[in-house]
Enquirer: 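Structure provided below as structure tokens; questions to follow.
Side-chain atoms are counted along with the backbone in the values below, which use heavy atoms only and exclude waters and symmetry mates.
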Amino acid sequence: MNIVCIGGGPAGLYFGLLMKLGDSRNNVTIIERNRPYDTFGWGVVFSDATLENLKAADPVSAEQISAAFNHWDDIEIHFKGRSVRSSGHGFIGIGRKKLLNILQARCEQVGVQLVFETDVSDDIQAATDYDADLVIASDGLNSRVRTRYADTFKPDIDMRECRFIWLGTKKTFDAFTFAFVQTEHGWFQAHAYQFEPGMSTFIVETRDETWKASGLQHMSQEEGIAYCEKLFAPWLDGNSLISNAGHMRGSSIWIQFPRVVCDTWVYDQTLPDSRHVPVVLMGDAAHTAHFSIGSGTKLALEDAIELHRSMQAHPGDLAAGLQHYEDVRSVEVLKIQNAARNSTEWFENVARYAEFEPEQFAYSLLTRSQRISHENLRVRDDSWLEGYEQWLSARAGVDQSQGRPLPPMLTPFQVRSVVLKNRIVVSPMAMYSCVDGVPGDFHLVHLGSRAMGGAGLVMVEMTCVSPEGRITPGCPGLWNDAQMQAFKRIVDFVHQNTDARIGIQLGHAGRKGSTRVGWEGGDMPLAEDNWPLISASALPYFDGVSQVPQAMTREQMDEVREQFVQAARRAAQAGFDWLELHCAHGYLLSSFISPLTNTRDDEYGGTLDNRLRYPLEVFRAIRQVWPDTLPVSVRISAHDWVEGGITADDAVEIARQLRDAGVDLVDCSSGQVSADQHPVYGRMYQTPFSDRVRNEAHIPTMAVGAIFEADHVNSIIASGRADLCAIARPHLADASWTLRESARIGCTDIAWPQQYLPAKRQLETNFERAAADAQAGGK
């Protein structure tokens with residue numbers, strides 16, 4: 001084949017090298033705009049795992065790269081005058097120029113043609129000149145080829161919030177170093193690492209508004225660098241910061257990171273001679289990942305490896321090979337980009353975590369991308385993690401004299417007078433198994449078994465305050481004393497036989513009521529005997545399918561508020577420990593909050609303040625009749641997943657108003673408000689909402705959504721992203737999920753907090769008696 005690579009960065013060079021090694025008959029030409037053996041930039045990093053991939057692809061160049069790299073295991077974090085150091089992270093630093101020089105020399109050695117100082121402005125002309133069968137667009141972040149065929153590639157470019165400057169220094173660091181400095185204008189952070197003897201990369205980053213407020217946008221390049229030297233003088237030990245971007249003027253050296261995602265990576269180009277020649281994106285032309293996870297070079301090299309591998313796997317069928325390359329790499333790249341997005345947002349929002357103590361700040365930084373979890377940290381640096389667990393346990397008031405520290409998920413948590421033995425909550429899940437709103441034996445077994453399964457708090461599903469407020473005919477209610485007595489039976493069982501706490505979630509279905517039970521068609525109206533619906537506005541859930549609700553009158557609002565009050569009174573009579581008000585998922589109170597479902601023009605519509613007015617009114621009313629010693633939480637939809645709906649920014653403001661009204665904790669769910677929603681699912685996908693609400697609105701939170709391992713819970717609690725974790729489906733599959741997950745991470749003999757020892761002894765006594773009775777009965 002005749003192959004032309006436009007751009008001589010790591011992607012183009014490595015692909016050209018592999019194609020020539022794979023078949024010496026391939027004619028490979030790499031066209032680079034810079035001079036021979038010249039490049040800009042400082043050090044680049046990639047992991048030990050990436051080096052192993054290079055060794056498998058080309059042992060010769062891998063050996064040369066290995067001989068040139070600087071390796072470190074430690075990460076050191078400087079925050080609030082303290083230093084926290086963790087080991088076992090395994091990274092490689094190498095000068096970008098050195099890496100390219102190695103690859104350039106290796107390409108020349110095997111016969112790849114390198115054409116320097118040639119700026120390709122027309123890829124069709126380049127393909128024609130070199131009689132190309134394949135064109136690789138490895139022309140970088142500002143790819144002209146990608147721009148030319150944007151209608152096909154459909155690039156999505158997201159310009160991020162921070163400005164950064166890429167510098168060097170002769171100060172050498174023996175660890176990957178993060179340093180944070182607070183100024184009167186905001187936070188600055190440095191990312192520093194040694195990449196060759198006597199030289200380190202030193203990246204300075206800050207939010208765009210901080211950069212402007214500091215006056216950096218009006219400074220010359222020299223003035224801006226001097227400003228950074230002064231900020232980070234404690235870590236430079238008298239060394240200066242150096243720029244190698246002399247071609248840039250003034251503040252233009254400070255750039256914002258563009259996150260690039262392309263819909264497709266292959267374009268079928270037609271040359272003037274009517275030949276069809278594929279153009280393939282590679283490296284930064286196809287995708288970018290923020291420098292804070294050090295994966296740009298890794299992605300470029302692994303693109304090259306996979307394209308070569310895909311073409312080898314489809315001999316004689318170039319189109320199939322290119323499609324395989326796109327299919328495989330687009331998924332792998334998205335995984336990295338998701339991690340990079342998490343990392344980017346963390347560094348964009350350092351102020352969110354500014355109140356953390358250095359220990360938790362460091363843990364939060366280390367786990368920011370969600371690629372490194374609690375147990376992964378244990379593998380990397382067990383002693384550091386155990387020390388952090390001890391610190392966290394001590395803050396939770398745990399007596400550690402009996403052994404190893406508790407993992408974060410098993411530390412106690414107190415709200416008002418209620419102390420939960422651990423951070424696990426059995427999430428409220430609709431069971432559709434009540435008759436006339438009365439819970440029976442099913443709920444006794446369902447809730448009782450999960451309380452015995454180790455969770456700290458077991459929540460009853462949304463319990464409706466009136467017959468008309470039910471979602472389905474099978475939903476529980478608390479509008480009469482028969483229902484209260486049935487719930488009291490369950491509550492008494494939990495209190496008498498376990499050390500779990502039990503809570504109830506009160507709600508009104510609103511426009512999502514009068515529907516079938518889940519397995520007969522969720523959210524679909526009943527086939528017959530429908531009851532009338534009310535909502536904030538007269539908008540059906542499914543247009544043309546669902547019943548159109550009546551927009552609530554003031555009289556109806558008074559009536560429903562009183563129904564909530566009476567239900568709260570009955571919940572207290574039944575002995576519940578915890579009350580939650582359901583203001584999420586498009587049900588009645590949620591329908592007031594979201595602009596998608598509230599189009600009122602009175603004092604309950606319009607602004608967010610107005611839309612919150614009625615839900616807050618209901619909360620204040622139930623708070624007055626609910627025991628002052630017991631907590632009330634509120635579940636919200638922190639994002640509607642629909643254009644024009646509630647966003648995470650709104651969720652923070654909602655939480656602030658709930659906090660000011662006296663709410664004890666915000667349960668952060670999302671969606672289910674509109675049938676037009678498009679959620680972005682994934683592991684712990686709703687936890688970022690909890691993180692923002694907790695650390696920006698300064699109120700305890702509960703995280704929920706695709707949390708299914710002890711490792712998830714430990715990571716969330718330890719990093720301060722939530723105070724509790726609600727686990728739903730895993731508890732349906734395994735009532736003893738908490739006990740089993742605890743055992744899986746080695747906690748079979750945990751150090752119980754002192755206040756739980758009597759309950760523990762009572763449980764042991766109960767089990768011993770039960771065992772003796774069973775043995776006496778021949779079982």
Side-chain angles (χ1 to χ4, degrees), residues 7 9-11 33-34 38-45 95-97 100 119 138-144 146-147 155-169 178-181 183 185-193 195 200-229 231-232 241-262 283-297 299-300 337 340-341 343-350:
R33 65 182 178 180
N34 292 319
D38 192 12
T39 186
F40 300 99
W42 296 97
V44 296
V45 298
R96 177 176 168 81
K97 182 174 181 177
L100 292 182
D119 192 6
S138 49
D139 52 343
L141 174 62
N142 300 309
S143 170
R144 288 175 176 169
R146 185 187 67 221
T147 301
D156 175 9
I157 301 176
D158 177 23
M159 200 64 70
R160 300 305 308 180
E161 300 290 336
C162 282
R163 296 268 179 175
F164 67 95
I165 183 171
W166 202 290
L167 301 169
T169 179
F178 295 100
F180 296 85
V181 176
T183 72
H185 306 295
W187 285 89
F188 285 77
Q189 55 258 10
H191 311 236
Y193 54 90
F195 63 86
S200 298
T201 295
F202 201 95
I203 304 169
V204 179
E205 182 184 28
T206 187
R207 287 185 65 91
D208 183 59
E209 61 265 29
T210 303
W211 178 76
K212 290 175 179 174
S214 301
L216 284 161
Q217 64 175 325
H218 302 301
M219 295 183 191
S220 68
Q221 184 176 140
E222 293 74 19
E223 290 170 334
I225 293 173
Y227 183 94
C228 294
E229 286 177 349
L231 275 183
F232 294 98
L241 293 175
I242 309 164
S243 169
N244 64 2
H247 60 294
M248 303 179 77
R249 293 289 175 263
S251 62
S252 64
I253 196 172
W254 290 86
I255 58 177
Q256 288 174 278
F257 186 86
R259 191 274 293 132
V260 177
V261 176
C262 289
D284 283 352
H287 46 70
T288 58
H290 193 256
F291 58 83
S292 62
I293 65 167
S295 290
T297 303
L299 289 174
Q337 287 184 315
R341 179 197 63 226
S343 179
T344 305
E345 291 179 354
W346 194 95
F347 283 105
E348 289 173 343
N349 294 285
V350 169

Enquirer: Run the side-chain contact (heavy atoms from CB on, under 4.5 Å) check on Val204 and Phe232 step by step: do they pass?
Expert: CA-CA 9 Å; Val204 179; Phe232 294 98; 3.8 Å; yes
Enquirer: Atom CG of Leu241 and atom CD of Glu229: how far apart are they, to the nearest 0.5 Å?
Expert: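 Here the interatomic distance stands at 4.5 Å.
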Enquirer: If we count only N and O atoms by modelled type, under 3.5 Å, do the side chains of Ser243 and Gln221 hold a donor and an acceptor together?
Expert: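 Note: Ser243 and Gln221 side chains meet the donor-acceptor criterion.
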Enquirer: Taking atom OG of Ser214 and atom CD of Glu209, what is their separation to the nearest 0.5 Å?
Expert: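 Reported value, rounded in 0.5 Å steps: 10.5 Å.
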Enquirer: Decide if the gap between the ring center of Phe164 and the ring center of Phe291 is smaller than 6.0 angstrom.
Expert: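 When the ring centroids of Phe164 and Phe291 are compared, they turn out to be within the sub-6.0 Å range.
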Enquirer: Look up atom CZ in Arg96 and atom CH2 in Trp166, then write down how far apart they are to the nearest 0.5 Å.
Expert: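 With rounding to 0.5 Å, CZ (Arg96) is 9.0 Å from CH2 (Trp166).
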Enquirer: Is Arg163 close enough and on-axis enough to Trp254, meaning under 6.0 Å and within 45°, for cation-pi?
Expert: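 No.
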Enquirer: Please report the shortest heavy-atom distance between Ser138 and Gly7, naming the atom on each side.
Expert: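 Taking Ser138 first and Gly7 second, the nearest heavy atoms are OG-O, 2.9 Å.
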Enquirer: Under 4.5 Å between any side-chain heavy atoms of Arg146 and Ile157, yes or no?
Expert: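 Counting from C-beta outward, Arg146 and Ile157 do come under 4.5 Å.
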Enquirer: Does the side-chain contact (heavy atoms from CB on, under 4.5 Å) test come out yes or no for Ile225 and Ile165, once each step is laid out?
Expert: CA-CA 9 Å; Ile225 293 173; Ile165 183 171; 4.2 Å; yes
Enquirer: Is it the case that the side chain of Asp139 and the backbone of Arg144 share a donor-acceptor pair, with hydrogens and angles ignored and the cut-off at 3.5 Å?
Expert: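 Yes, because the side chain of Asp139 sits within donor-acceptor range (under 3.5 Å) of the backbone of Arg144.
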Enquirer: CG of Asn34 to CG of Leu100: how many Å apart, nearest 0.5 Å?
Expert: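 Answer for the CG-CG pair, Asn34 versus Leu100, is 9.5 Å.
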Enquirer: If we only count heavy atoms from C-beta on, is the Leu299 to His287 side-chain gap below 4.5 Å?
Expert: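 Result yes, sub-4.5 Å side-chain heavy-atom pair found.
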Enquirer: Run the numbers on Asp156 and Val260 for side-chain contact (heavy atoms from CB on, under 4.5 Å), then give the verdict.
Expert: CA-CA 6 Å; Asp156 175 9; Val260 177; over 6 Å; no
Enquirer: Under the 3.5 angstrom rule, does the side chain of Thr288 hit a backbone N or O of Asp284 as a donor-acceptor pair?
Expert: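 No, the answer is negative, given that no donor and acceptor are paired below the 3.5 Å cut-off.
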Enquirer: What are the two closest non-hydrogen atoms of Gln256 and Pro258, and how far apart are they?
Expert: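 Here Gln256 and Pro258 meet closest at O-CD, 3.3 Å.
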Enquirer: Distance-only, no hydrogens or angles: does the Thr206 side chain make a donor-acceptor pair with backbone N or O of Trp187 under 3.5 Å?
Expert: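 Checked: pair present.
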Enquirer: Taking all non-hydrogen atoms of both residues, which atom of Ser143 and which atom of Ala285 are closest, and how far apart?
Expert: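 In this case the closest contact between Ser143 and Ala285 is CB-CB, 3.7 Å.
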Enquirer: Should Pro155 and Val261 count as side-chain neighbours, where that means a heavy-atom distance under 4.5 Å?
Expert: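 The answer is no; the side chains never approach within 4.5 Å.
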Enquirer: So, does Thr201 use its side chain to make a donor-acceptor pair with the main chain of Gly43 at under 3.5 Å?
Expert: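 Between the backbone of Gly43 and the side chain of Thr201 there is a qualifying donor-acceptor contact (under 3.5 Å).
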Enquirer: Between Phe347 and Phe178, does the ring centre distance come in under 6.0 Å?
Expert: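 Yes, close enough.
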Enquirer: Flag the pair Tyr193 / Phe202 as yes when their ring centroid distance falls below 6.0 Å, and as no otherwise.
Expert: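 Distance test on ring centres: not under 6.0 Å, no.
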Enquirer: State, yes or no, whether a side-chain contact exists between His290 and Arg259 at a heavy-atom distance under 4.5 Å.
Expert: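 SC-SC contact between His290 and Arg259 ruled out.
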Enquirer: So, does Ser295 use its side chain to make a donor-acceptor pair with the main chain of Ile293 at under 3.5 Å?
Expert: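 A pair under 3.5 Å: yes.
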Enquirer: Would you say the side chains of Glu205 and His191 form a donor-acceptor pair under 3.5 Å?
Expert: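 Glu205 vs His191: donor-acceptor pair found between side chains.
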Enquirer: Counting C-beta onward and ignoring hydrogens, is there a side-chain heavy-atom pair between Glu345 and Arg160 closer than 4.5 Å?
Expert: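 Yes, close enough: below the 4.5 Å cut-off.
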Enquirer: Checking side-chain polar atoms at under 3.5 Å, does Thr169 have a donor or acceptor matched by the opposite partner on Ser200?
Expert: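 No, no side-chain donor-acceptor pair sits under 3.5 Å.
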Enquirer: Heavy atoms, side chains only, cut-off 4.5 Å: are Trp42 and Asn244 in contact?
Expert: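 Side-chain contact under 4.5 Å: yes.
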Enquirer: Roughly how far apart are Lys212 NZ and Gln217 CD, rounded to 0.5 Å?
Expert: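 Atom-to-atom, Lys212:NZ and Gln217:CD are 6.0 Å apart.
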Enquirer: Whether Asp158 and Arg341 form a salt bridge (side-chain N of Lys/Arg under 4.0 Å from carboxylate O of Asp/Glu) is what I want to check.
Expert: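 Salt bridge absent between Arg341 and Asp158.
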Enquirer: What distance do Ile203 atom CD1 and Leu167 atom CG have between them, rounded to the nearest 0.5 Å?
Expert: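 That separation rounds to 9.0 Å.
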Enquirer: For the residue pair Gln189 and Val350, establish whether any side-chain heavy-atom pair is separated by less than 4.5 Å.
Expert: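 Of all side-chain heavy-atom pairs linking Val350 with Gln189, at least one is under 4.5 Å.
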